[in-house]
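We're numbering straight along the sequence, starting at 1. Atoms within each ligand, like the ligands themselves, are counted from 1 in listed order. The analysis underlying the following values was restricted to heavy atoms, covering all of them including side chains, and did not include hydrogens, waters or symmetry mates.
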Amino acid sequence: MADDDKTKDVNSFFAENPEKADKEFYGRVPNPDRRGFLKRTGLATMAAMVGTSIPFHRNMPIGFVPAAMASEDVLVGKDGLTLLNDRPVNAETPPELLDDAITPTSRHFVRNNGIPPEDVDAASWTLTIDGFVDTPLTLSIADLKEKFEVVTSALTLECGGNGRGFFNPPAKGNQWTYGAVACSEWTGVRLKDVLEAAGVQSNVVYTAHYGADAHLSGDPAKLPISRGMPIAKAMTDEILIAFEMNGAPLHPLNGAPLRLVVPGWPASTAQKWLTRIELRDVVHDGPKMTGKAYRVPNRPVAPGEKVETEDFVIIERMPVKSLVTFPANGAEVGMETEVRGHAWSGDRTIEKLEVSSDFGATWQTAELDAPVNSGAWQNWRSNVSFPQAGYYEVWARATDSNGEMQPFAIDWNPKGYLNNTMHRVGLRVS
Ligand SMILES: Nc1nc2c(c(=O)[nH]1)N[C@H]1C(S)=C(S)[C@@H](COP(=O)(O)O)O[C@H]1N2
Ligand SMILES: [Mo]
């Protein structure tokens, strides 16, 4: 790479060819155990990009991208998201920016495990359906639109690790707080229709999903993530192979030009940059399907307890949960205010939403809308009045159609999945 290129965007060099970028900047290939000494040219370039010298540059790990350079470039087209990691890009949405019934694309969270493909061409993109099918299919996006019914629905996607940041003892991984959840309007064809067209053979038990993103190491033989789901789930009506998000082509960070949308299950099943779905006669074993990834212990465990890998089971549905999206945490309000938000529960519906403004002593039932369609979160609102000025917390708790209610305290697990504790919002009343 030419020296003058470096001043443009260090992230794209690391994205395109991480090993080469590391060599250019640090003079050797990445080794997570060792600190790297920036080469003189690399140091000069980084200093120019952050706008001053970097006194502690000797302590920067190899492959390190200063946060000051990272935040702006990597979230083009997103608005107000909090960047948790820039390589891979992980960004969540503050709850008060999730107030819309339908989440705008600019506020849909981003959870990448690898490096997205660049300069994708929707016109030449294809999706292959193979494995145990009667007729393997390779379909363009135009084929999908022509051969199958095109449907639009609002669908909730939540990362299995949403809320991980509140675990104690802490769980490793992105420290998501509240905002790895969204409900955008997706347009596409039903996965079920496409699988039926290929002919699902009787021995099929599981799907395997493949996307076009690259592994962080740059090794083309490695996949960042490839998950799947039981065939019975795959054949449900709500799951889409989507090519539009909120009436426009998908955002590049959300899987353009084609992705799966699997409402109610960990969003890791919703493969982005989708290129292939394989039908298998055994449970899938791709990256992030095995070990402890997207798995929880098969029994309740004490906080901090060590659990053997063989005692972990694959997460299926996401649990009952709600968010307060208005007012924002820390807001000043009058003696009476509307409180509102959303609630959802895997592939169930929400029956009841209650709010408390006296630390859980009493609860009032909120007005709760039906989902706009199956797979969408439900909107709720309630007028809350306060007896006098001071500090209050508004708590929200949802109960689903199976009678399951959100807990007050975290049900701890080693990897920090499925945190569905009540959302609490602090308010100053004057
Ligand atoms: N190809 C691919 N698909 C992927 C991922 C990924 O890293 N690569 N991340 C998964 C995870 S863990 C989540 S939570 C969702 C996030 O979707 P979003 O980034 O559109 O919000 O995408 C899923 N699909
Ligand atoms: Mo995720």
Side-chain angles (χ1 to χ4, degrees), residues 15 74-75 77-78 81-85 87-93 97-98 103-118 120 125 127 155-165 171 173-176 178-186 188 207-217 222-229 239-246 248-277 284 286-289 292-296 314-316 318 415-419:
V74 299
L75 290 175
K78 296 290 174 182
L81 270 59
T82 308
L83 190 70
L84 302 180
N85 189 357
R87 189 168 175 270
V89 176
N90 283 277
E92 68 171 331
T93 314
L97 297 186
L98 287 172
T103 310
T105 301
S106 61
R107 293 186 173 161
H108 197 288
F109 73 99
V110 178
R111 198 289 184 245
N112 290 348
N113 290 268
I115 305 298
E118 271 184 28
V120 300
W125 195 269
L127 168 65
L155 301 170
T156 307
L157 282 180
E158 183 179 19
C159 179
N162 197 21
R164 177 182 292 135
N174 288 292
Q175 297 297 299
W176 304 106
Y178 301 104
V181 62
C183 184
S184 288
E185 208 168 62
W186 301 91
T207 61
H209 315 150
Y210 298 90
D213 44 341
H215 193 269
L216 285 179
S217 65
K222 287 189 185 160
L223 301 174
I225 185 170
S226 171
R227 303 197 71 242
M229 57 195 152
I239 299 172
L240 296 185
I241 300 172
F243 37 75
E244 275 183 27
M245 180 179 189
N246 296 317
L250 304 189
H251 187 284
L253 291 169
N254 300 114
L258 196 68
R259 76 171 300 171
L260 279 171
V261 184
V262 185
W265 278 37
S268 50
T269 51
Q271 195 83 26
K272 302 192 279 187
W273 311 289
L274 182 70
T275 54
R276 176 180 172 218
I277 298 172
H284 187 35
K288 312 254 159 137
M289 266 312 315
K292 296 180 182 178
Y294 299 103
R295 289 177 182 234
V296 288
I314 299 171
I315 297 170
E316 299 203 323
M318 292 298 289
K415 297 276 286 175
Y417 293 122
L418 306 181
N419 181 359

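- Per-residue contacts place Cys159 under 4.0 angstrom from the following atoms of ligand 1 (heavy atoms of the residue considered): 14 (S).
- Every atom of ligand 1 is numbered from 1 in the order shown, and the set under 4.0 Å from a heavy atom of Val110 is 19 (O).
- Under 3.5 Å, the side chains of Asn113 and Lys272 contain no donor-acceptor pair of N or O atoms.
- Only the backbone of Ala270 comes within 4.0 Å of ligand 1, counting heavy atoms alone; no side-chain atom from C-beta on gets that close.
- Partners of Ala256 under the side chain to side chain contact (heavy atoms under 4.5 Å, CB included) rule, at least two apart in sequence or in another chain, are Leu250.
- For atom 22 (O) of ligand 1, the candidate residues are Lys288, His209, Arg259; the nearest heavy-atom contact is made by Arg259.
- Between atom 8 (N) of ligand 1 and the options Val181, Asp213, Thr105, Asn174, the minimum heavy-atom separation is to Asp213.
- Across all their heavy atoms, Met318 and Gly160 have their closest contact at CE-CA, 3.8 Å.
- Contact of the Met245 side chain with the Trp186 side chain is registered, since non-hydrogen atoms from C-beta on lie closer than 4.5 Å.
- Among the atoms of Asn112, none of the N or O lies under 3.5 angstrom from an N or O of ligand 1.
- Atoms of ligand 1 found under 4.0 Å from any heavy atom of Asn254, numbered from 1 in the order shown, are 18 (P), 19 (O), 20 (O), 21 (O).
- In this structure, CZ on Phe109 lies 7.5 Å from CG on Asn162, to the nearest 0.5 angstrom.
- A cation-pi geometry, defined here as NZ or CZ lying under 6.0 Å from the six-membered ring centre and within 45° of its normal, does not hold between Arg295 and Tyr417.
- For Glu158, no heavy-atom contact with ligand 1 is shorter than 4.0 Å.
- How far CG of Asn90 is from CD of Gln175: 11.5 Å, rounded to the nearest 0.5 Å.
- Scanning both residues, Pro263 and Leu155, for their nearest heavy atoms gives CG-CD2, 3.8 Å.
- Proximity of Ile225 to ligand 1, defined as any heavy-atom pair under 4.0 Å, is confined to the side chain (atoms from C-beta onward).
- The shortest N or O to N or O distance between Ser268 and ligand 1 is not under 3.5 Å.
- The nearest heavy-atom contact from the protein to atom 15 (C) of ligand 1 is Ala267 O, 3.4 Å.
- Listed by number with element, the atoms of ligand 1 under 4.0 Å from a non-hydrogen atom of Trp273 are 1 (N), 2 (C), 8 (N).
- From the protein, the heavy atom lying nearest to atom 3 (N) of ligand 1 is Lys272 N, 2.8 Å.
- Polar contact with ligand 1: present for Phe109 (N/O pair, distance under 3.5 Å).
- Remark: the backbone N or O of Arg227 is paired with a side-chain donor or acceptor of His209 at under 3.5 angstrom.
- The part of Tyr294 lying near ligand 1 is the side chain, judged by heavy-atom distances below 4.0 Å.
- Among all heavy-atom pairs drawn from Lys222 and Ser217, the shortest one is CD-OG, 4.1 Å.
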